[in-house]
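The structure appears below as structure tokens.
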Amino acid sequence: MSTSVLTAVAWPYTNGPRHIGHVSGIGVPSDVFSRYHRMVGNKVLMVSGSDEHGTPIQVQAEKEGVSPRELVDRYHRVIAEDMRGLGVSYDLYTRTTTGNHYGVVQQIFLTLYRNGYIVPKTTTGAVSPSTGRTLPDRYVEGTCPICGSDGARGDQCDSCGNQLDAADLKNPVSRINGEIPEFVSTEHLFLDLPAFTDSLGSWLSTRTGWRSNVLNFTRNLVEDMRPRPITRDLDWGVPVPLEGWDKQSMKRLYVWFDAVIGYFSASVEWARRSGDPDAWRAWWNDPAAQSVYFMGKDNITFHAQIWPSLLMGHNGQGDLGGTPGPYGELNLPAEIASSEFLTMSGSKFSTSRGTVIYVNDFLREFGPDMLRYFISAAGPETQDVDFTWDEFVRRINFELVNEWGNLVNRAISLAAKNVGAVPVPRAPEAADEELKKSARAAFDTVGTHLRHSRFRAASQEAMRVVSAANKYLSEQEPWKRKDDPDRRDTILHTALQVVSDANTLLTPFLPHAAQQVHELLGGTGVWAAQPEMREVSDLDVADRSYPILTGEYTREQASWESKPIEVGRPLSKPKPIFAKLDPKLAETGPDWAPIRH
RNA sequence: GGCGGUGUAGCUCAGUGGUAGAGCAAACGGCUCAUAAUCGUUGUGUCGUCGGUUCGAAUCCGGCCACCGCUACCA
């Protein structure tokens, strides 16, 4: 039976190109997951986009001397290209500066407001005198009132580690332009999180199958929920659709509020572009649909606490009750698949320290599947993982190239040389049946791991089939069977069948290589479909266009089963699907990201 | 400070009560179809530390040590 699966992928902040840490916990795992579900026959909707609002964008734009829109136009394209190159199969990768997103966000806001979950409050905050914009605490610098050290930030002092309030800093200065911030009282709208204490708490208590760290962390949060501001004094964001607020150029919805709604607005945009504007309902209104959210651990609070609260408030399911808005009752997250962090030589990726590896550099030199394999086999799934070139070279050369690449080359070369086509199997023996059986059984074990987002275990199980096939060939020695062509053909047929099965099992991880292997085995057409960049017109704003990622994944042939290979298909001597990495890479790193000693 | 995580073979890790595991690395041997690839054999550990529960603990409980993350106006 086909299930509707929504793959909701965290929205990258549009302030620069992606590094491999960004995609290791989010892009690659979510894509492996989605590809698997499509192969099983489920209806997958995979959405994400660029998160483009907020103070950091504005600050950076000013630093670069461009408008915020120019900045995000540039990086949206760069990030989309990174994802395309990696083969992340979004049904829609869009952005938050679209007319559609603005409309959906405002509609959700209005429903929350009508249901009583949004309340005004007057607060005191730092404001830049020259621009009138909110100055977030971390952009205020001064002397720490506790330990007296200079250079403390408004949110926290790095010297003594205490949390601070920007208003308490001595000699506060804006880190953006050095001016002295004003502390003014200003009215803002708040999401009334305490009004979800009971509803969110009881919802969480019914969650099963979530990773325990996500559940524990969120339960902790629920114990102490305070109203959270959803507006800012800023002119870069979604306008507040309320009488009196909509005309103020310096009041906008706070970026986190509009960004999480992106999962839903992107689904709506996808539906509108598909020709059936209500098509999103299969994933959002049908309680049988599954929605799985992929993000880094720093984002758990937004996905397990705030986003469910927004949805409950919209649905009228919070402690204050209410009724759903025009979108009807929207599904809450079924699973929060949060990842840990990829570190670089023991510390966080850092642009300023030069410890960073950009996706586009990586793709240019190694192509997508080596990175995809490494992340799947050794990514930060349950704990932080340190990326080293040494480990990368080892995994790729010994596991991917030697075992899998060589098996493909070995089996097809043998068949091509001896038969020139997929040979006819004669009387199979026990060893043949056993190998084929274990390959067939792997569809269950690997599939179970993938459904539970256990990508390391899944790829390991798939590789087990590869090892078994190598061992089988060594034992059966088909190259010594010139005097018994029937037996030789049976062995070669078996080996090719298992290569085909292993290729299917590896397709979610290695979609590009899988396409090649499909063709080496004599197949034609699209085995694993890839996303494409498309330039589209904004659906609601005249004269505006932007690039999206989308794809026609229904035309791909890959399906999650052992398909009998077609006897008689011509085979020719293959070219290796992977080139081995130079071992020197392990010591020096590539010249665009050299290892520093 | 609070919350949480991690500490198992040289390396990367799996292993939630019943005689310590995998892959890689190392050593030796086989094979030579294949990208010097592949197959087989072999070793290795006070499972951070101290104590407790138990017939029995890497596995449960408590103390301690080391490293790390989060701590909400960060998007």
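We name chains A, B, ... by the order of the sequence lines, and we start the count at 1 in each one.
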Partner nucleotide of B/U35 by Watson-Crick or wobble geometry (both distances under 3.5 Å): none

Phosphate-side-chain proximity, A/Lys482 and B/C33, N/O vs OP1/OP2 below 4.0 Å: no

Sugar-phosphate, base or nothing in reach of A/Lys573, heavy atoms under 4.0 Å: sugar-phosphate

Any residue meeting side chain to side chain contact (heavy atoms under 4.5 Å, CB included) with A/Ser48, in chain and number order, not counting sequence neighbours: A/Val9, A/Trp11, A/Pro12, A/Tyr90, A/Tyr93

C1'-based separation of B/G23 from B/U8 [nearest Å]: 15 Å

Residue whose nearest RNA chain B nucleotide is more 5′ - A/Ala378 or A/Arg464: A/Ala378

Same-atom distance (C1') from B/U16 to B/C64, integer angstrom: 23 Å

Spacing of the C1' atoms in B/G4 and B/U42 (rounded, Å): 42 Å

A/Trp479 side-chain proximity, nearest of B/C33, B/C70, B/C39: B/C33

Between B/C33 (C1') and A/Arg488 (CZ): distance, integer Å: 12 Å

Nucleic acid contacts of residues 53-60 of chain A, taken as heavy-atom distances under 4.0 Å to RNA chain B: A/His53, A/Pro56

Residues forming a salt bridge (Lys or Arg N to Asp or Glu O under 4.0 Å) with A/Asp486, sequence neighbours excluded: A/Arg426

Atom-to-atom span, CD1 of A/Ile300 to P of B/C70 - whole angstrom: 11 Å

B/G43 versus B/G62 - spacing of their P atoms, nearest Å: 39 Å

Rounded distance in Å between the C1' positions of B/U38 and B/U32: 9 Å

Watson-Crick or G-U counterpart of B/G62, or none if no pair lies under 3.5 Å: B/C50

Between A/Thr231 and A/His188: side-chain donor-acceptor atoms closer than 3.5 Å: yes

A/Asp258 (side chain) donor-acceptor with A/Val238 (main chain) under 3.5 angstrom: no

Spacing between A/Arg456 atom CZ and B/A22 atom P, to the nearest angstrom: 18 Å

Sugar-phosphate, base or nothing in reach of A/Asn406, heavy atoms under 4.0 Å: base

Distance between C1' atoms of B/C67 and B/G48 (Å, rounded): 11 Å

For A/Asp73, salt bridge (Lys or Arg N to Asp or Glu O under 4.0 Å) partners two or more places apart: A/Arg69, A/Arg95

Nearest-angstrom distance, P atom, B/U44 to B/C55: 32 Å

Pairing nucleotide - B/C11, Watson-Crick or G-U, each distance under 3.5 Å: B/G23

OP1 or OP2 of B/U35 under 4.0 Å from side-chain N/O of A/Asn409: yes

Base partner of B/A57, which must satisfy Watson-Crick or wobble distances under 3.5 Å: none

Touch class at under 4.0 angstrom, heavy-atom based, for A/Glu475 against every strand present: nothing

Sugar-phosphate, base or nothing in reach of A/Val401, heavy atoms under 4.0 Å: base

Criterion ring-ring contact (aromatic ring centres under 6.0 Å, His included) against A/His53, the qualifying member of A/Tyr13, A/Phe257, A/Tyr254, A/Tyr102: A/Tyr102

A/Val393 versus A/Pro583, closest heavy-atom pair with distance: CG1-CA, 4.4 Å

Residue whose nearest RNA chain B nucleotide is more 5′ - A/Lys471 or A/Lys417: A/Lys417

N/O (side chain, A/Asn402) to phosphate O (OP1/OP2, B/U38) under 4.0 Å: yes

Between C1' of B/U71 and CD1 of A/Ile306, the distance in whole Å: 14 Å

Between C1' of B/A72 and CH2 of A/Trp307, the distance in whole Å: 19 Å

Residues which pass side-chain hydrogen bond (donor to acceptor under 3.5 Å, both in side chains) with A/His76, listed by chain and number, not counting sequence neighbours: A/Ser50

C1' spacing across the pair B/U49 / B/C39, given as an integer number of angstrom: 43 Å

A/Glu391 CD - B/G10 C1' separation (whole Å): 13 Å

Listed nucleotide nearest any side-chain atom of A/Lys297, set B/C33, B/U35, B/G69: B/G69

Pair of N/O donor and acceptor under 3.5 Å linking B/C33 base with A/Arg410 side chain: yes

Nearest to side-chain heavy atoms of A/Val385, which nucleotide of B/C33, B/C13, B/C31: B/C13

Partner set under side chain to side chain contact (heavy atoms under 4.5 Å, CB included) for A/Asp298, not counting sequence neighbours: A/Phe341

Proximal nucleotide (of B/C33, B/C31, B/G23) relative to the A/Glu399 side chain: B/G23

Given A/Gln460, A/His449, A/Glu461, the one that forms side-chain hydrogen bond (donor to acceptor under 3.5 Å, both in side chains) with A/Arg454: A/His449

Selection from B/C39, B/C24, B/C13 that lies nearest to any side-chain heavy atom of A/Phe398: B/C24

Watson-Crick or G-U counterpart of B/G45, or none if no pair lies under 3.5 Å: none

Polar side chain donor-acceptor pair, A/Tyr263 to A/Trp307, under 3.5 angstrom: no

Separation of atom CG in A/Leu473 from atom C1' in B/G40, rounded to whole Å: 16 Å

With A/Gln58 via side chain to side chain contact (heavy atoms under 4.5 Å, CB included) - residues at least two apart: A/Glu62, A/Pro68, A/Arg133, A/Leu234, A/Asp235, A/Trp236

Sugar-phosphate, base or nothing in reach of A/Asn299, heavy atoms under 4.0 Å: base

Separation of atom CZ in A/Arg394 from atom P in B/C24, rounded to whole Å: 8 Å

Base B/C73 to side chain A/Arg232, donor-acceptor N/O within 3.5 Å cut-off: yes

Protein-nucleotides 2-8 of chain B N/O pairs closer than 3.5 Å?
unit_1: B/C3; atom_1: O2'; unit_2: A/Asn220; atom_2: ND2; d: 2.6

Touch class at under 4.0 angstrom, heavy-atom based, for A/Tyr254 against every strand present: sugar-phosphate

Set of salt bridge (Lys or Arg N to Asp or Glu O under 4.0 Å) partners for A/Arg228, sequence neighbours left out: none

